[in-house]
Number of protein chains: 2
Amino acid sequence: MSDDQAKRTESDEVTLGRIETEVALLMRLGEATRRATGSAEHRVLDRAAYVILRHLDATGPQNVSALAARLNLDGSTVTRQVSALQRDGLIARAPDPADGRGTVISPTPAGLHRMAAVQAARTRLYGDILADWSPTDRDTLATLLGRLNQALDSRTRRR
Amino acid sequence: MSDDQAKRTESDEVTLGRIETEVALLMRLGEATRRATGSAEHRVLDRAAYVILRHLDATGPQNVSALAARLNLDGSTVTRQVSALQRDGLIARAPDPADGRGTVISPTPAGLHRMAAVQAARTRLYGDILADWSPTDRDTLATLLGRLNQALDSRTRRR
DNA sequence: GCATATAGCTGTATCGTACAGGTAATTCTG
DNA sequence: CAGAATTACCTGTACGATACAGCTATATGC
């Protein structure tokens, strides 16, 4: 191995370490931010509820199993989340016409509205936080995060 | 407002939405990944323990309050985590010589070793996941994540 | 048409976390 | 410098998110 290759390998290792660090930090900060933002708009829509509503909005009504598979959650977890959402009138259950065992979950208008409000609040938050970033940097961040997620997701599903 | 400005504003809004989406996704995937990777090396060191050990390693021995403040956690949470870590021999408590109320927490060699192992495993994971990324893209991701975290952090602390 | 699989639910357990309240030590203040 | 306020930590308690195991009802394959 040439010195050059050695150096490149080493710096790659360092970069991977930085990514590991930053992702860990982001998860921690994201949690803290979510909790802190909770006062006003999040108290009304906790984490899982938001994810489920987003997913329903993005990919249409579907049954519990499909949600669970897509969100990498246990079916029982989704069942409970969905029950809570139904209690709050944010989603509706309907018997699956094509499968007597299943129930199809769809967001109610109220659910979509609530979801959109949280989404807007978060988007505003990012706008605030990234106020001094160039559009290019923002765009690059969004793109690279997207690629990272795709890579992580396909890796998660592969095994 | 000119059409041009309108367009730029709109696309910025879209970008912020993408960032919001991707961060939410990353948090979810990160959790799932952590849980999935758990089988081997994480069972032995759960999330909070890892963060605490990393922080101790990075910034030296310190008391519970300092850890709590830095990690945005309640003191009681840190107390319990530290107790668990102590039970497992990964950190050591010593009375703070400068303050009779406090206890200084330091990582034990075993703790550092455990932490390094998890860190290495995760870094390897990222190396695996990002195998087909260019060094430039990896570096850019690390940098932008760092900037995002810094922005999030200072925002979190400001209020 | 019976055996097996699947969809969803419920019981139970665990983990991470917060908040409230307690005790001991420290620091401030008149 | 003595009492008041603060701080550091711990403990009790509660909650939310999650998983796994086991149940029932329906579907599906041989």
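Keep in mind it's a predicted model, so treat the numbers as computed, not measured. Reminder, nothing fancy here: chain letters follow the sequence lines and each chain counts from 1.
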B:Asn72 atom CG is separated from C:dA18 atom P, nearest whole Å, by 9 Å
Verify the contact: side-chain N or O of B:Gln81 to OP1 or OP2 of C:dC15, cut-off strictly under 4.0 Å; return yes or no. no
For every nucleotide of nucleotides 25-30 of chain D, 5' to 3': is a protein heavy atom under 4.0 Å from its base (B), only from its sugar-phosphate (S), or from neither (-)? BBS---
Nucleotide C:dG8, atom C1' - distance to CD1 of A:Ile105 in whole Å: 10 Å
Taking the six-membered ring of A:Tyr50 as reference, does the NZ or CZ atom of A:Arg122 fall below 6.0 Å from its centre and within a 45° cone about the axis? yes
Report each atom pair, protein N/O against N/O of nucleotides 9-13 of chain C, whose distance is under 3.5 angstrom.
unit_1 : atom_1 : unit_2  : atom_2 : d
C:dC9  : OP1    : A:Arg93 : NE     : 3.3
C:dC9  : OP1    : A:Arg93 : NH2    : 3.3
C:dC9  : OP2    : A:Thr79 : OG1    : 3.1
C:dG11 : N7     : A:Arg80 : NH2    : 3.3
C:dG11 : O6     : A:Arg80 : NH2    : 2.2
C:dT12 : O4     : A:Arg80 : NH2    : 3.4

I'd like to know if B:Asp88 pairs up with B:Arg114 as an ion pair, taking the criterion as any Lys NZ or Arg NE/NH1/NH2 lying under 4.0 Å from an Asp or Glu carboxylate oxygen. no
Would you kindly give the CG-to-P distance between B:Leu85 and D:dC10, to the nearest whole Å? 13 Å
Can you measure B:Asp88 atom CG to C:dC15 atom P for me and round it to whole angstrom units? 11 Å
Donor-acceptor contact present, side-chain B:Thr79 to main-chain B:Gly75, <3.5 Å: yes
If you compare every side-chain N and O of A:Thr77 against the phosphate oxygens of D:dA17 (OP1, OP2), does one of them come in below 4.0 Å? no
By side chain to side chain donor-acceptor pair (under 3.5 Å), B:Arg101 pairs with (sequence neighbours left out) B:Asp99
